[in-house]
Amino acid sequence: MADLTTDFLGITSPNPFWLASAPPTDKEYNVRRAFEAGWGGVVWKTLGAEGPPVVNVNGPRYGVIHGADRRVLGINNIELITDRPLEVNLEEMARVKADYPDRALIASIMVPCEEAAWKAILPRVMETGADGIELNFGCPHGMAERGMGSAVGQVPEYIEMVTRWCKTYYDRPVIVKLTPNITDIRKPALAAKNGGADAVSLINTINSITSVNLDAMAPEPMIDGKGTHGGYCGPAVKPIAMNMVAEIARDPETRGLPISGIGGITTWRDAAEFMALGAGNVQVCTAAMTYGFKIVEEMKRGLSAWMDEKGYRSTHDFIGRAVPNVTDWQYLNLNYVTKAQIDQEACIKCGRCYAACEDTSHQAIAMSADRTFTVKDDECVACNLCVDVCPVENCITMQEMAAGAVDPRTGKVVQDQYANWTSHPNNPAAVQAAE
Amino acid sequence: MTSRHATGPHIPGIAAGRIDAATLHENFADLHAAYDPHEAAVAADRCYFCHDAPCITACPTAIDIPLFIRQIATGQPEAAAKTIFEQNILGGMCARVCPTETLCEEACVREAAEGKPVEIGRLQRHATDSLMARQGHPFARAAATGKRVAVVGAGPAGLSCAHRLAMHGHDVTIYEAKPRAGGLNEYGIAAYKATNDFAAREVEWLLGIGGITIENGKALGRDITLESLRADYDAVFLGHGLGGVNGLDAEGADRAGVEDAVDFIATLRQSDDLTSLPVGRHVVVIGGGMTAVDAAVQSKLLGAEEVTLAYRRGRDRMGASRFEQDLAASKGVRLLFNVAPRAVHGNGTVREIEFEYTHEVDGRLQGTGETVRLPADQVFRAIGQNLSEDAGLDRAGGKIAVTGPGRTSMQGVWAGGDCTPGEDLTVVAVAEGRDAAEDINDALVG
Ligand SMILES: Cc1cc2nc3c(=O)[nH]c(=O)nc-3n(C[C@H](O)[C@H](O)[C@H](O)COP(=O)(O)OP(=O)(O)OC[C@H]3O[C@@H](n4cnc5c(N)ncnc54)[C@H](O)[C@@H]3O)c2cc1C
Ligand SMILES: Cc1cc2nc3c(=O)[nH]c(=O)nc-3n(C[C@H](O)[C@H](O)[C@H](O)COP(=O)(O)O)c2cc1C
Ligand code: SF4
Ligand code: SF4
Ligand code: SF4
């Protein structure tokens, strides 16, 4: 069995699966059970400053998007940071860390954007023996209205400033958790790096309204007839999160900055994908909130089985392996030509490919009276829509055209050398190809 | 074993009370239970929303199946029901009795893909039940046209025709020979397919459109004539089904205990106390269609000890679908193929029935000479029905000849359902009644 031990910022954990800062890591009871279930580490539910803790709403705080059979695709929440006193959390953290020295325990922190506030809390966190801290610059609701969370995360200058304070008053790893509620994720990542952050973690939740109650005419979750935007997470946000991770991993200015990947991770495969895009480990929240702590078992077994299959001995063997293949559109090979091909044996004649291509794509699928569906190579632009909508896996596949063949759609011979938009004759800004 | 102490299934002859009331109640419960809303949502999600969906083509009434299933999936079963009723006003009954395994569900692409079609019938029931549970009728009549149409027979064909005509603003009078409306829905369909008096409830709901009067106990040929109907009404629709039953061509077929399966079923359907309904200890049903299966299964459910369904050809030639055959087998009915009845033995009352084995030679059935005798207290004939009515219309294959949407050889007279050529199915009768109504409407106001 492949070794899942992961070293992230010098913090080792028996596997790369950490629980993200959220209800699953809200208290000693949960975290002990999570460790017993096999989680490699936790980021404790975000701590606030000393004094009376925040209060949460007393009605529903979660909304949901369901798929078929009530499968949870996405959750949104309007929960705040921990609503328990700082002292209680710190005591519990110290006890748990002492009992589980091999697991990662990170303190998530959100205090006002004033140096004194950070200077006050950091030594206290230090005393708990926590392996590092994560700065919560992500919460998009509630805390942001008070100038914290994403209100800080959306201003790169603040990120850099607060990170620097933390590096000054704390000598263990500092992870900056980024909000996705921003146009260009590279800006806050760079600010964190400039402030001295050891790593970034992303994403926190996405601003959202998951549903509207059409009887009450109010967004849900609904509190006494009113609702507010909440943070969206779960499988639905994974594509957004992965793109942000990849952008940071491949940008020349942020490349090499360690990343803890978060957002919709539910299976070993999700985790492997994030890690292939450069995440050194992953954090999970919604999957645990949906299925309980035991799901980590599938993640561990699955990742290790896949690593064995691929011959990866440690997570380092594949972390970041997909990053070089993430590129800009302009560098994609325009001489790569494929055509959709339908496996008639596998086809069940539902006609979805036909409806999709005929109504919304390139009218490249023919339908005969006996419901035989065939691709018209002279019309197919290889958009992949039919592949996506076909209910039968691998029934429609993309076949690459060999160099030298004539593409019946364009009438042009398929070239075997790579050529992209930058040198394309239709590009007004094309660089003259070398003679 | 003496007959005096025999109880239940072992009581000799034809007797009532073979099993207790509670078991009977269980035996005759819904064949396919209704979905709860979550089950319906999960089942609906399996539909692919096919392009030009093959299930629609396979439905004789051409219900827009992917559309109504999608309406269930989006939480509007009542709107789904309206989509169904627009095409098939007896969508509730059809959801229960259609042999979906040879219609829509056979055509479903998921049947081809994985041998598990979308459960269209049960979804249709979910939709129609939810709308019918509400008060009121979902359709409104068009402005009155002042035209009057006579319909003969209140079965699926007649009811469907009447409803569509009423919707178009015509006034309809249905002449029905029997005391209750519904046709074979009321008197023929297996009890476990339409529980809780569904047939009667459906008729009442259908009549909610208004403009339809049913005259029960009025038979064409006995109480009224086609000439008088043609004279008194602007159009006539014949939907009187098949009144006659084919006879059994075997020696001794007149012995007591030899009965028509349809009569047995009709009695069963009208009985409000199944413990008092007699059935034989050894029952033999002759035939291979739906009626044969229904008679056999219901005999078994009533407590007959041994029920044999004897069909003269091979299994693949049987009219009843594989699903029906399996249903019979699962209830303990013995299926016997390639046996033709030759003689009914007994002293006044049937005791045994004798069959000759058969085989097919170039498509023709021949006896092999070998015979077998089965004990029998009760023998049911289920070898087909025929047209008993003869109002002087042209015939085709023993039924009323029609062209296009049910036009008979007589001006102003339309026909549909079992009395015309085509498959004898509820859903086919509904389609034919509806299409004739549209044609009548075109003729009257077009
Ligand atoms: C036992 C049995 C089980 C069946 N099971 C199924 C099944 O599971 N699924 C399925 O799809 N189909 C089934 N069928 C077939 C289905 O019932 C018929 O195809 C359908 O009822 C035909 O409708 P119809 O309106 O043409 O005729 P019918 O339903 O026969 O209705 C004709 C009506 O006309 C009346 N009538 C007859 N003569 C006269 C007259 N002279 N004057 C006035 N009124 C008259 C009758 O009393 C009756 O009410 C079954 C049939 C039988 C016999
Ligand atoms: C109810 C709830 C509360 C959360 N609270 C916090 C928090 O206090 N601090 C924080 O950094 N992130 C918080 N998050 C965000 C998660 O840590 C995580 O970034 C996000 O849910 C995306 O991961 P997922 O898709 O695995 O859930 C919260 C999420 C949820 C659902
Ligand atoms: S790849 Fe696109 S264009 Fe080609 S057949 Fe499929 S849907 Fe049509
Ligand atoms: S979508 Fe797939 S299964 Fe359906 S008709 Fe097209 S190729 Fe066949
Ligand atoms: S054939 Fe099956 S999957 Fe396709 S639309 Fe009909 S019910 Fe749905």
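These values consider heavy atoms only, across backbone and side chains, with no hydrogens, waters or symmetry-generated copies. Letters A, B, ... mirror the listed sequences (proteins, then strands); counts begin at 1.
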Considering all heavy atoms of both residues, which atom of A:Asp69 and which atom of B:Val42 are nearest to each other, and what is their separation?
-> OD1-CG2, 3.2 Å
Should the heavy atoms of other residues, nucleotides or ligands under 6.0 Å from CZ of A:Arg301 be counted, would the total exceed 12?
-> no
State whether the number of non-hydrogen atoms from other residues, nucleotides or ligands found under 6.0 Å of B:Arg70 atom CZ is greater than 12.
-> no
Restricting to pairs with a member in residues 353-366 of chain A, which pass side-chain hydrogen bond (donor to acceptor under 3.5 Å, both in side chains), not counting sequence neighbours?
-> none
Determine which residues belonging to residues 111-127 of chain B lie within contact range of chain A, meaning some heavy atom pair is under 4.5 Å apart, and list them by number or answer 'none'.
-> B:Ala113
Can you check whether anything in residues 43-51 of chain B gets within less than 4.5 Å of chain A, heavy-atom wise, and list it by number?
-> B:Asp45, B:Tyr48, B:Phe49, B:Cys50, B:His51
Within residues 83-101 of chain B, residues adjacent to chain A where the heavy-atom gap is under 4.5 Å | none
What residue in A:Ala68, A:Gly351, A:Cys353, A:Pro391 has the most heavy-atom pairs under 4.5 Å with chain B?
-> A:Pro391
In this structure, are over 12 heavy atoms from other groups packed under 6.0 Å from A:Asp224 atom CG?
-> no
A:Arg269 CZ: over 12 foreign heavy atoms closer than 6.0 Å = no
Would you find more than 12 non-hydrogen atoms of other residues, nucleotides or ligands less than 6.0 Å from A:Asp370 atom CG?
-> yes
Are any non-hydrogen side-chain atoms of A:Lys349 and B:Pro54 less than 4.5 angstrom apart?
-> no
Determine yes or no for a side-chain-to-main-chain donor-acceptor pair under 3.5 angstrom, with A:Arg70 supplying the side chain and B:His38 the backbone.
-> no
